[in-house]
Amino acid sequence: MASEKKSLSQVIRERRATPSFDGEPIPAHDIRKILEAGLAAPSGYNLQPWRFVVVQDPEQRKRLRAASYNQAKVEEASAVIVACGDRDGWRKDLDEVIRMGREGGMPESYAAQAEQSVPNYLSSFTDEQMKGWLNKHVMIAYTHMMLMAEALGYDTAPMEGFEQDKVCETLRLPMSYWVVALLAVGRLKGADKFNGGRFEIAHCVFGEEYGKLLK
Ligand SMILES: Cc1cc2nc3c(=O)[nH]c(=O)nc-3n(C[C@H](O)[C@H](O)[C@H](O)COP(=O)(O)O)c2cc1C
C-alpha cells in the first residue's frame, strides 16, 4: 500500500524540478495514488474537466520526447503524466456531475441553477477563454499530483516545453483535448538542480489593496 513518507511542509520545501531520472518503473499502486490525488482537486461546478494520459512504455516515452523539444527527462522518467483539458467534457459530464452531487446532498436549487448556468456560461466561451478555463483547472489537479508524488518519495519535473500538435498526434488525443503540461515522475539520477530561490513575500503579496504591505 502506498504511504506518504513526507509531510506537506517537507514536500513543499524539498521539491525541485528534477533534471534527470533513473527510469526505474513505479509500482502501479503508487501511480494510482498520485492520480487519485489529482482527481480529488476542486473545480468550478465540480466539472472536473481534466484528463490525463500516463506514458510509461519506453517506446512511447521516446516518441513523447520527440514531441517535447527533445527534453531527455521525458524519456528518462519512469512515467510522464500528460495533463490535458477536455473542451467538451462539460457537455458530456454535466448530468453525471449533478447526479453525483445529489447523491452527496446537493440541494435541488443548486442542481437547477447548475443545469442552467453551466451551459450558458461555457457555451459562450471563445476557444481562448476555454483554454484559460481548462488551464486553471488542470493545473490544480496537476499540482495535487506533483505534491503527492513527492510525498510518496518520488521526484518530479513539471514541463511546458512541448509542441501541442505533436503531443496530440503521438497520444492520439481527441480534437477536443488541449494539452496543458507534462509531469515527469521518477527518481532523481545524479545531482539535484540548484535552488533558484524565491522572492520575498513583500514582492508578491499585498494586504487589502495593491501596493500596501500585508500586516
Ligand atoms: C508549468 C511549468 C513548466 C515548466 N516547464 C519546464 C520545461 O519544459 N523544461 C524544464 O527543464 N523545466 C521546466 N519547468 C521547471 C522550472 O524551470 C522550475 O520549476 C523553476 O526553475 C524553479 O525551480 P524549482 O522547481 O526546482 O524550484 C517548468 C515549471 C513549471 C511550473
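Numbering of residues begins at 1 and proceeds along the displayed sequence. Whatever order the structure lists them in is the order used to number ligands and atoms, beginning at 1.
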Exercise for review: For atom 12 (N) of ligand 1, state which one of Met139, Arg198, Lys73 supplies the nearest heavy atom.
Suggested key: Lys73

Revision key, fill the gap. closest protein heavy atom to atom 25 (O) of ligand 1 is Arg15 NH1, 2.8 Å

Check your understanding: Which ligand 1 atoms are under 4.0 Å away from a heavy-atom of Arg16?
Key -> 24 (P), 26 (O), 27 (O)

Point to revise | Heavy atom of the protein closest to atom 2 (C) of ligand 1 (residue, atom name, distance) | key: Pro158 CB, 4.2 Å

**Study point:** Contact summary for Glu76 and Ser20, nearest pair of heavy atoms
**Key:** OE1-OG, 3.0 Å

Exercise for review: On the 0 to 90° scale, with breaks at 30° and 60°, tag the Trp133-Phe125 ring pair as parallel, tilted or perpendicular.
Suggested key: perpendicular

Review point. What atoms in ligand 1 come closer than 4.0 Å to a heavy atom of Gly161?
Key: 8 (O)

Point to revise | Closest contact, heavy atoms only, Leu122 versus Met130 | key: O-CE, 4.2 Å

Revision key, fill the gap. Nearest non-hydrogen protein atom to atom 5 (N) of ligand 1, with distance, is Glu160 N, 2.8 Å

Review point. Is the shortest distance from a Lys or Arg side-chain nitrogen in Arg187 or Glu24 to a carboxylate oxygen in the other one below 4.0 Å?
Key: no

Point to revise | Which residue and heavy atom of the protein sit nearest atom 21 (O) of ligand 1, plus the separation | key: Lys193 NZ, 3.6 Å

Review point. Does a salt bridge link Asp95 with Arg99, judged by any charged N lying under 4.0 Å from a carboxylate O?
Key: no

Review point. With atoms numbered from 1 as shown, which atoms in ligand 1 lie under 4.0 angstrom from a non-hydrogen atom of Gln71?
Key: 7 (C), 8 (O), 9 (N), 10 (C), 11 (O)

Check your understanding: Is there a donor-acceptor contact under 3.5 Å from the side chain of Ser43 to the main chain of Gln48?
Key -> yes

Revision key, fill the gap. Residue, atom and distance of the protein heavy atom nearest atom 18 (C) of ligand 1 read Ala17 CB, 3.8 Å

Point to revise | Electrostatic pair Lys215-Glu208, nearest N-O below 4.0 angstrom | key: no

